[in-house]
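Read through the structure below, which is laid out as structure tokens, and then see the notes.
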Amino acid sequence: MTASNLTASNEAEPNEAEPNEVGQTISRKQLNLDDLRGRLARPGGPAYWRSLDELAGTEEFEAMLHREFPEQASEWSDGVSRRNFLKLMGASLAFGGLSNCTIQPEEKIVPWVRAPENLIPGKPLYYATAMTLGGVGTGVLVESHMGRPTKIEGNPEHPSSLGGTDAITQASILDLYDPDRATAVKNAGRIATWGGFLQNLDQELTLQRSQKGKGLRILTETVGSPTLGQQLSFLLEEFPEARWHQYEPAARDNVRTGAALAFGEPVNTYFDVAKADVILSLDADIFNSGAGSVRYARDYAARRRLRNGESELNRLYVVETSPSSTGSIADHRLALDSAAIEAFALALAGKLGVKLENSPEQPSYDDRAGWIDALAADLRNAGAASLVVVGDQQAPILHALGHAINQSLGNIGTTVHYTDPLEVDPVDESRSMHELVASMLADEVEVLIIVGGNPVFDAPGDLDFTEAMEHVGFRAQLSFYENETSERCHWHVPQSHYLEAWSDIRAYDSTASIVQPLIQPLYNSKSAHELIGAMIGQAGLPIRDILREYWQQETFADDFDEFWVRALHDGLLADMAFDRRRVRLRSPIKISREFGRPRGDDKFELAMRPDPLIWDGRFVNNGWLQETPKPITKLTWDNAALMSPTTAERMGVDNEQVIDLTLPGRSALAPVWIVPGQADGVITVQLGYGRRVTGRVGTGAGFDAGPLRTSAQMWGARDLKVIKTYDRHPLACTQDHHSMEDRHLVRHADLDHYRHHPDFAQHETHESPASLTLYNTNEFSSTTGNAWGMAIDLNACIGCNACAVACQAENNIPIVGKEEVLNGREMAWIRVDRYYTDLDDPEIFHQPMPCQQCENAPCELVCPVGATTHSEEGLNDMAYNRCVGTRYCSNNCPYKVRRFNFFQYADRDTPSLKLQRNPDVTVRSRGVMEKCTYCTQRINAVRITAKKRGTPILDGEIKTACEQACPTEAIVFGNILDAESRVTDWKASSRNYGILTDLNTRPRTTYLARVRNPNPAIDKG
Amino acid sequence: MPQIFGRSFNWFANVSIVGGIAVASLLLGILLNINRLDYVSQVGVPKSQPVPFSHKHHVAGLGIDCRYCHTTVEETAFAGIPPTETCMSCHSLIWTEAPMLEPVRASFRDNTPLHWTRIHDLPDFAYFRHDIHVSQGIGCQTCHGNVDAMPLMAKAQTLNMEWCLECHRAPEKFIRPREEVFNMKWVPPHDQTAAGLALVKEYQVQTSQLTDCSVCHL
Amino acid sequence: MSEQVTSTRQQYTPPPPELGPGQTSHTSITDKITSIVLTPHTPIQWFIVVFIGLSLVGLLQVSIAYLLYEGIGIWGLNVPIGWGFAIIHFVWWIGIGHAGTLISAILLLFRQKWRTSINRSAEAMTIFAVMCAGMFPLIHTGRPWLAAYWLFPYPNSMGVWPQFRSPLIWDVFAVSTYFTVSLVFWFLGMVPDLASFRDRAQNRVAKVVYGILAMGWRGSAVHWERYEMTSLMLAGLATPLVLSVHSVISLDFAVSILPGWHTTIFPPYFVAGAIYAGFAMVLILVIPLRKLYGLQDFITLRHLENMGKVMLTAGLIVAYGYFMEQFIAWYSANEYEVYMMQNRMFGPYGSFYWALVLCNIIIPQLLWSKRVRRNTVWLMIISIVISVGMWLERFVIVVTSLHADFMPSSWDMFYPTFWDWATYAGTIGFFLLAFFLFVRGMPLIAAHEVRTLLPFGKKGK
Amino acid sequence: MNETESDTYGLMAEFETPEDLLEAAKRTYGKGYRTLDAFSPLPIHGLAAAIGFHGTNLPILTFILALVGAIVGYGMQYWIHVIDFPLNIGGRPLHSGPMFIPVTFEMTILFAAVGTVVAMMIRNGLPMPYHPVFNVAKFERASQDGFFLCIESADPLFDVEGTTSFLQDLNPVEVSTVEW
């Protein structure tokens, strides 16, 4: 780092850290061998450092931005596609390789002036913090290299994670370094300063103060931060007439309303999946979406292990409109439209004798699949060890019904638990938004402060928020990106990333965590705490102190400092969770007449869902998530109108054909994507796409389903009409072929069959015994006592792609853009293959595909320059710098896990992105093959530690990125020579098999066959 | 018919053929060895530094241990370049007036780091780690040469891959007892290979593994 | 039979069967052959072809420059289809490059006198075809600037070497050896004729240039003795070489494990294919040439007919190869092989397969008819069809095997881009240009060998 | 020998046909002349023998070169993969004999072919752009349709008159002196 940068960051933090305080020394960006590495033979090295300077958030940087932003914008407005962008990158590096026979350019080393404590160049540090989504937190650990957060892992201490993460959490690190995020306070689109904003705000507030804040409105997203809640309550005390509204498009209104219907108050519900023997999910993707999903997935998978002789499994029934991760691993899956699901629930409730207050005309459920009796029996037999889960997007009554059923089964207290609401103020957010817009249109609002969110884009279609804003005199927004809303605000303040700012949050089970920053804000952004704080006279007060104050009141810890340090270290505030609530159903659930009412035959049903990866649109500019295939559809860079083959046939439409989705008075154009296992007549669309104003990555991707929403029908409508058009919109799908072609890739059986033939998986193909060879098989057996191997449990994999994103983050894997994915050039080192058995009622299989590290690797044999060779410990090494790019290895790889840099994909020019890179992994250049290496950098690091320690490497000491991220612990890596290691244990399992072993590739990665546990009483057609 | 070529052409023809081949092979030879030239590898070429720091004086003269300044050499990949603080710990007491040291004092005063010029600089794709080498008995001197005799720091070895391989293939030729690692005066025993093999065994150096690509290229 | 035909036209001294009526003496032979070059007059057709060639070479340069600037991504490649047009055309050109050495070497060993009037042009064709072929393996790599020298075993400061188990390295050696030997063979054969040029040339510059090239050849009996022996040796070496080269090329595929590539039939069947394509290209070149330069006396119908026969034979071997692929796929009962074969015939690229069968098996059967064999127009058409067919064969082998291999999840399609085509067209241009420059400046027919066809004693002044 | 002879390279007779040349060559050799050479636009079998050149040993050389090529080719691969930098390539043995064959073969051919040609050139003393025989005006026919026999002055039996008359008896088209 340069001097000025150093000073900058030091000034940025005058209060020298108390040595014992974690997360304080981190803001110093310092000399870093790894960074230096990044600069060899790269023209404009100085410029790079200059810009880092700017990252420190100096005033001149703002000015710079002012100059720079417009031209950048223009570059993008004139239709330069993402692909072209990459091309430009490529050009700069065209002959990079040539530099290897020239004198290396001179490089500078810039040491500290005064060395900080506990920061060793080249040694990563880990800090515990929490990520917030939809007002609910997940505990994470963040790896930090020289003050640069580079990788997010789950926090093993934290109940919401237990070490696992989902794809979104893994990718959230990229947002921090997104070159397109809002970087400067803007007034009417012009660069301004925070100070300037505060001045202007104060004027407005003094006015408001005089009238008790009658014209003041605060619009936040769902607030789960207790401290922020307290700040807001102070604000409302100061401005009694002011109103605080909450809105976010993927809010859990129905969950809260449902709970209120059942218990009279919007209690928070969470589950103990580990205890559940029989689970029924009513259109709930509990394992891959929403609060607690990571923990639920882990608890579920823990019951599917079939370890050493154990032959019992839990059983999962899923009834859903559109196939989800949860549905894909169900033992029984039933595709129904929402009306039928409601009718189904009623019928089941009836069967279970749940007391209901029925409406005169009962919807009848036609039990073609013959589920009701069998399911009811199964649930009843399971007794208190059963569990019924209702999807966040389902009608409140269905949720109430769910509670009723759980209660009647006696699950409350065993598999279902209740606490006080996680939200500071659990309101019905669509109503809240409704009220806000009303009062805005009534010109009652003079000052509107929008804290996060993007209402102009995602407010329900029937509320004209855009119009309403024009009635407000002073509009200010705090948000991470400049978005559709920012355009219409007088002031825009960049919001800090959660790794940049202090806060606190509660997890799905109300466990409280401190959100601690790992780095000073890269740009001078502010957090919600700072903005609200500024309005209640806390301006300039360190948020950390406000948090400490709040929690000091909450705890009665005699030594608060110790409590605080432990909280920061562990990532959770010890026993600050709410007590469990004992709630009872007040009265029989009242069933409205619409409930379960089937739609007209001439109509289709529209189901709206948050996107599994870009969620409600807040991650739309996150390239990793955009390019990660959606769990089931394998689509990237787009959302689509999902429909079943039958429906498509009936409609006479084809993949990628654009159709016009019309509801009374509203419509949207969407490309068709046919999904086996979708309920007939239901068209599912994902929210968050079709953004007009956001970064380069997200702008223009997908279509906007928002207009189809109304505050009455947030998640679906049953009166959808469809008009065919003859336009086509290409969709970038990473998997074109969906049948396994009877190739024994995913091997599976029913539990019953497994009990009789535990080793069924090992007899599906004939493979030659390893002994059958002319070679001396011992010639290369490892002499180091280590031989690396991996096993993947297909019984646990839910296809969530967390592994893929983790790999991308760990191994500096570039994104290539939609055009390149269309060309079949995606770079994922580990992909999750998804296969269907048939079109109408398919079984869905997931199969993670990392490099198989074959012992007889076909790829190595054909490399003319020996760029890929075998290591002593059995890794299939890839020396990028030796590769000349003949692509023969990829051709000869039967698993097709090798990836090629057809262009200069890795962005070598954007400084902020460089900060995210893993310094221990080479950034590949154009024309080079790359592939999974079992995270060889992690292996090396641990090997060296072990050597210095003088003891062998312990089992589990090395975790590959995918293994570490996997929420269901489906992947295990280790030493196959160690009889005690987990991987040896897994590979000893009777379910263990390798794929394509008949080619005698002898893969080191093997799979554990999938075993389903169907209910004999249900005949699967 | 009249001769087209003069007598001398026979001689000329042969010479041009032989000469052509000779010149071509000479050029090729140079091309193949370009990376071995000191000019390219910059061996023995001191670079300009903000302060003409003399290892000779500090190491040989004052007998300061390597680790006094290069503090992290045993802990991480990077040996560590001392912060100005470290210089000042002595130079706030001695040579406080020396004009030569003004940059150091300035750095300390204005809190602006010194910009040293890198001498040993590996390509980005080669991941060298000091800690493991030091802990396995590879002396500083083996790669950095007799630093204690260098008034100005300069590369002692080419740092070409073939040079790395010399040791990675046969560490016994270079390995020394751990306690001698930082000893600049250490001379290999006459039976280095035998002694080396013993150490390799003792330190459990996995020679078989040292030529794996993934040991250095990640 | 051809004797009989010619003799009807010939009352006086019947010329040898390999020569037409016009060529009765050393003098006439020399005059005719040298006159093609040593004349101020150049036929307009020549200029047209060279112009086309030049413009296509321009296109080639542009597409290579763009390739180096952008990366291999400008082609339609992806994963799984890592090899596309580049390798298809590499094999296609190498195949064509086989006829030359084959004619001059194998036919020499077999004492086939009729070869003498076509071997020179065939060898020239070989040289230029191999040049075209040679471009592809280099530019198809991701980092050509490194591949250019890392593929050769030279002592380097990295201490690393090529990996000799890779068929690509075998290629490097096979192709470069083949090119070197063919070049030497070709040039050696020209030396005595260059001497004739030297001695006949009027203008000083031409005399000097040909003089240098002729290296002072003076036709000494002793020289002839060693010269003949050397040619014989070269022929003996070049014959296994030419067979080995395409076998090695086929190993690029056969050594891999891909269904559709991993086949033992490949070496013989590739060699046959090469001869097939090679002779087709020779015909495509000589039929217009003999018209343009009135070489009917040297390249008689008998020559054309013989080549037709060779093509027919080669074609039948190739057909057998196709059949064997089918048979083995079925006989192996290997699910991947079976699927590959069905996919090849009825999958998305099925049309290519059937077109290939049409071009390489069905249409060439016309060659059974003598009338077709002796009709230049028919021969020309069939030769072109065969060239297309051989292109299709390589396309089918490379693309259909790659696009759907073991992992259904990663199956994908290959769509060539503009630059794929541009590069191909460019190499054709280069080939034409080079060949016609050769025609204009070098002895197109091996005069000294043709002379040996004359019965002793005919000096006919 | 005296000046008059030393300033001529030799005497050259031109003949009508290959047979005449062959016949003349035989008789000349029979007469005892040894330093003589015959020139023709095409190889004439027996001509070299007729002037006392008995076969060439090029084939043996070719064989030796081939052997060298083979050894170099295989040796190089063995040294690289087994001795200098042994690496585990796809579990194949370090010494993968069968896979070393193609390169070995190509090296064999390369050495043999190029070597033979170079040897031939050296033995024929080519290139030799200047040669006295070119001084004879009509010699340019030698590359087209002329057949020549040249007795060099270096021959012990050579004397201008005697040799000239001898050549005349072989009924040549013409006899001419070859200047140095």
Side-chain angles (χ1 to χ4, degrees), chain A residues 1-4 6-7 10 31-34 36-42 100-104 106-115 120-123 782-785 866-873 875 877-882 920-923 933 936-937 939-940 943-944 947-948 950, chain B residues 31 34-35 39-42 45 47-48 71-72 74-86 88 107-119 121-132 134-136 203-218:
Chain A
M1 303 290 147
T2 59
S4 37
L6 184 88
T7 43
N10 279 357
L31 161 62
N32 178 339
L33 179 59
D34 318 296
L36 292 174
R37 279 210 190 96
R39 298 189 293 150
L40 170 83
R42 196 167 303 150
N100 67 354
C101 58
T102 58
I103 306 177
Q104 293 183 3
E106 224 174 57
E107 217 177 77
K108 294 292 179 192
I109 307 184
V110 185
W112 278 293
V113 174
R114 295 174 182 77
I120 300 163
K123 269 238 173 86
S782 171
T783 59
T784 67
T868 181
T869 63
H870 228 68
S871 83
E872 182 73 13
E873 299 179 343
L875 293 186
D877 290 345
M878 181 71 218
Y880 310 115
N881 42 304
R882 176 66 176 168
D920 296 329
V921 176
T922 307
V923 174
T933 60
T936 179
Q937 67 279 10
I939 299 176
N940 272 19
R943 184 194 292 123
I944 286 170
K947 271 205 179 302
K948 291 196 291 186
Chain B
L31 206 62
I34 187 111
N35 286 2
Y39 169 70
V40 173
S41 60
Q42 294 284 294
V45 182
K47 303 233 171 98
S48 74
T71 47
T72 55
E74 289 172 303
E75 296 171 74
T76 70
F78 183 53
I81 298 294
T84 316
E85 233 173 2
T86 314
M88 291 305 282
S107 153
F108 199 64
R109 195 171 53 239
D110 319 341
N111 194 18
T112 59
L114 292 157
H115 286 44
W116 301 98
T117 307
R118 202 174 180 81
I119 303 291
D121 183 7
L122 288 174
D124 298 12
F125 47 70
Y127 285 77
F128 175 84
R129 295 187 52 127
H130 275 95
D131 54 353
I132 188 64
V134 170
S135 76
Q136 300 293 79
Y203 297 163
Q204 296 173 0
V205 179
Q206 300 287 1
T207 313
S208 59
Q209 189 173 37
L210 290 182
T211 49
D212 289 350
C213 302
S214 57
V215 164
C216 311
H217 301 296
L218 301 175

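So you know, we letter chains A, B, ... as the sequences are listed, proteins then strands, and number each from 1.
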Results of salt bridge (charged side-chain N to carboxylate O under 4.0 Å, His left out) for B/K47 - residues two or more places apart only: none

Whatever's closer than 4.5 Å to a heavy atom in chain A on B/Q136 counts as side chain

Chain A contact via B/S135 - side chain, backbone, both or neither, heavy atoms under 4.5 Å: side chain

Test the A/R114-B/F108 pair against the cation-pi criterion, namely NZ or CZ under 6.0 angstrom from the six-membered ring centroid and within 45° of the ring axis. yes

Set of residues satisfying side chain to side chain contact (heavy atoms under 4.5 Å, CB included) with respect to B/T72, sequence neighbours excluded: A/I120, A/P121, B/E75, B/T76

Using non-hydrogen atoms only, which part of A/T933 is less than 4.5 Å away from chain B: side chain, backbone, both, or neither? neither

Any carboxylate oxygen within less than 4.0 angstrom of a Lys/Arg side-chain nitrogen, looking at A/E873 and A/R943? yes

